[in-house]
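Have a look at the structure below before the remarks.
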2 protein chains.
Amino acid sequence: MAPPGRTARRRGAERKPREKRWSELVKVATQVFYEKGYEAASLQDIADRLGMLKGSLYYYIQTKEDLLYEVINGVHQGGLRNLKTLMSKDAGALERLREVVIGHVEYECENLVSTTVFLHELDALPPERRQEIVGEDHAYRGLLTELIEDGQAEGVIKEDVSPKLAALWILGSANWLYRWYVPGGEFTAREIGEQFADWVVRALAA
Amino acid sequence: MAPPGRTARRRGAERKPREKRWSELVKVATQVFYEKGYEAASLQDIADRLGMLKGSLYYYIQTKEDLLYEVINGVHQGGLRNLKTLMSKDAGALERLREVVIGHVEYECENLVSTTVFLHELDALPPERRQEIVGEDHAYRGLLTELIEDGQAEGVIKEDVSPKLAALWILGSANWLYRWYVPGGEFTAREIGEQFADWVVRALAA
DNA sequence: CCTACCGATCGGTAGG
DNA sequence: CCTACCGATCGGTAGG
């Protein structure tokens, strides 16, 4: 996304460096928000790492919140795209559910820093901006709910399962990952994903 | 717990009111941390609600962090006691697992405000104080892990399940509750607990 | 992007 | 608990 700062540009030649710098800014902000938390992180921290003055950040942003929005929107878009890809594979609902769980876990682990900021700081955004990103009916949950309904229509998922509650249940264990997953640690993302997927399928299968 | 402020007391008669006021302080702090998040919450906010001046809080505390510690320690102790009670019932591992999941979900939902502060702000505490509370090997997880091992010893839980990973999986969906559970909403705590428990048991049973 | 700056607020303290 | 206060830092701005 383009910087939400002023739209006026001085000269043609300046355009490209600015976009580049902007993505650096977002990257640094992601890291700092991850390390300190959004509230505790200061624009000073971010400016320091970029080697510029705090006030200069306002050439790129209008408020600190813009940075958080950008970070969260980025991971969320990516995660959503990933989920949609996984869901639309040509297979039965149970097999797709399996793939979705594995793929979602892997996405979160591979994007641990930005995922953490997303999951931990989402409610630091005002309700409107939050909703702008995840939608009224939390996008991930909506997709998972549909998938479970598909499974019930196919007769491969138990009838007495509430699709919405099951979706929240599945997402919960995945969304908690950022609190304990350690890259290169005891469990690989793939192992975690496969185990979670096995358990989920076993729990819900008709 | 007693206030971590100065231990000196002025006169005998003052003692009781002080303890009372201290518990009011903790209660108000819990609420404010819940509403604004620990970092964004100011001692001013807390003092205002108590009708005292910000500086006066230092009669009861030494740092803002003391309040967070107290809040988190309180819920954690309660939750741990609850878990231990549930675990030690005289029944098979699978039945106890069921009770533990239901009871834990209910505890979290019934103590939503303080649970939220605990789960969301735990890492705002420095590592030593955090560890003082949850222990080196996160207490809840340790207990659950043992329970699952018991189940494997009894032969009622699948052998190929990693007890630790399963514990993290179970706790994850429960720990995410505070992000979506609404008292009086679509699902009651009991319903959520029973569903989660059914699914977990179904997933792990031999 | 820098210079130069602001008002507001923060956690915390000395002394009573 | 109050009075009175501090240094530090915060997000943000005007003007170039």
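Side-chain atoms are counted along with the backbone in the values below, which use heavy atoms only and exclude waters and symmetry mates. Everything numeric here is computed off the predicted structure, so don't read it as measured data. So that the names make sense, note that chain A is the first sequence line, chain B the second, and so on, each numbered from 1.
Rounded to whole Å, atom C1' of D:dC2 lies 12 Å from atom CG of B:Leu57. B:Leu25 has its CG atom 12 Å from the C1' atom of D:dC1, to the nearest Å. One can place CG of B:Asp66 at 11 Å from P of C:dT13, the figure rounded to the nearest angstrom. The interatomic distance linking B:Leu68 (CG) with C:dG11 (P) rounds to 13 Å, in whole Å. The distance from atom CD1 of B:Ile61 to atom C1' of C:dG12 is 9 Å, rounded to the nearest whole Å. Rounded to whole Å, atom C1' of C:dC1 lies 15 Å from atom CH2 of A:Trp22. Nucleotide D:dG11 holds its P atom 13 Å from the CD atom of A:Glu65, rounded to whole Å. The separation between B:Tyr59 atom OH and D:dT3 atom P is 17 Å, rounded to whole Å.
Looking at the side chain of A:Met52, the nearest of the listed nucleotides D:dG11, C:dC1, C:dG11 is C:dC1. Listed nucleotides: D:dC1, D:dG12, D:dC2. Nearest to the side chain of B:Arg21: D:dC1. Proximity note for B:Tyr60 (side chain, C-beta onward) versus C:dC1, D:dC1, D:dT3: the nearest is D:dC1.
Both B:Leu50 and A:Ser56 lie close to DNA chain D; mapped to their nearest nucleotides by heavy-atom distance, the more 5′-ward contact belongs to B:Leu50.
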Review item, side-chain donor-acceptor pairs of residues 81-88 of chain A, under 3.5 Å, at least two apart:
residue, atom, partner, partner atom, Å
A:Asn82, ND2, A:Gly103, O, 3.4
A:Thr85, OG1, A:Arg81, O, 2.8
A:Ser88, OG, A:Lys84, O, 3.0
A:Ser88, OG, A:Thr85, O, 3.2

Name each donor-acceptor pair under 3.5 Å that joins a side chain in residues 183-191 of chain B to protein atoms two or more places apart or in another chain, with its distance.
residue, atom, partner, partner atom, Å
B:Glu186, OE1, A:Lys164, NZ, 2.5
B:Thr188, OG1, B:Glu191, N, 3.1
B:Arg190, NE, B:Glu194, OE2, 2.9
B:Arg190, NH2, B:Glu194, OE2, 3.3
B:Glu191, OE1, B:Thr188, N, 3.1

Please report, to 0.1 Å, the donor-acceptor pairs under 3.5 Å made by any side chain of residues 27-35 of chain A, with sequence neighbours excluded.
residue, atom, partner, partner atom, Å
A:Thr30, OG1, A:Val26, O, 2.6
A:Gln31, NE2, A:Glu35, OE2, 2.7
A:Glu35, OE1, A:Arg49, NH2, 2.8
A:Glu35, OE2, A:Arg49, NH1, 3.4

Side-chain polar contacts of residues 141-151 of chain B - donor-acceptor pairs under 3.5 angstrom, sequence neighbours left out - could you list them?
residue, atom, partner, partner atom, Å
B:Arg141, NH2, B:Asp137, OD1, 2.5
B:Arg141, NH2, B:Asp137, OD2, 3.4
B:Thr145, OG1, B:Arg141, O, 2.6

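Residues that satisfy the side-chain hydrogen bond (donor to acceptor under 3.5 Å, both in side chains) test with A:Glu132, not counting sequence neighbours, are A:Tyr69. Partners of A:Gln131 by side-chain hydrogen bond (donor to acceptor under 3.5 Å, both in side chains), not counting sequence neighbours: none found.
Side-chain nitrogen and oxygen atoms of A:Tyr58 include at least one within less than 4.0 Å of the OP1 or OP2 phosphate oxygen of D:dG12.
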Using atom names, set out every protein N or O paired with an N or O of nucleotides 4-10 of chain C below 3.5 Å, distance rounded to 0.1 Å.
residue, atom, partner, partner atom, Å
C:dC10, OP1, B:Ser42, OG, 3.2

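Figure legend: cation-pi geometry between B:Arg179 and B:Trp176, with NZ or CZ positioned under 6.0 Å from the six-membered ring centre and within 45° of its axis.
Between B:Gln195 and A:Trp169, the closest side-chain pair of non-hydrogen atoms is not below 4.5 Å.
For residues 125-149 of chain B, the ring-ring contact (aromatic ring centres under 6.0 Å, His included) pairs, not counting sequence neighbours, are B:His76-B:Tyr140, B:His104-B:Tyr140, B:His138-B:Tyr140.
A rotation axis mapping the C1' atoms of four pairs onto the next four is fitted at both ends of the helix from C:dC1-D:dG16 to C:dG16-D:dC1 over five pairs, and the angle between these axes is 10° to 10 degrees.
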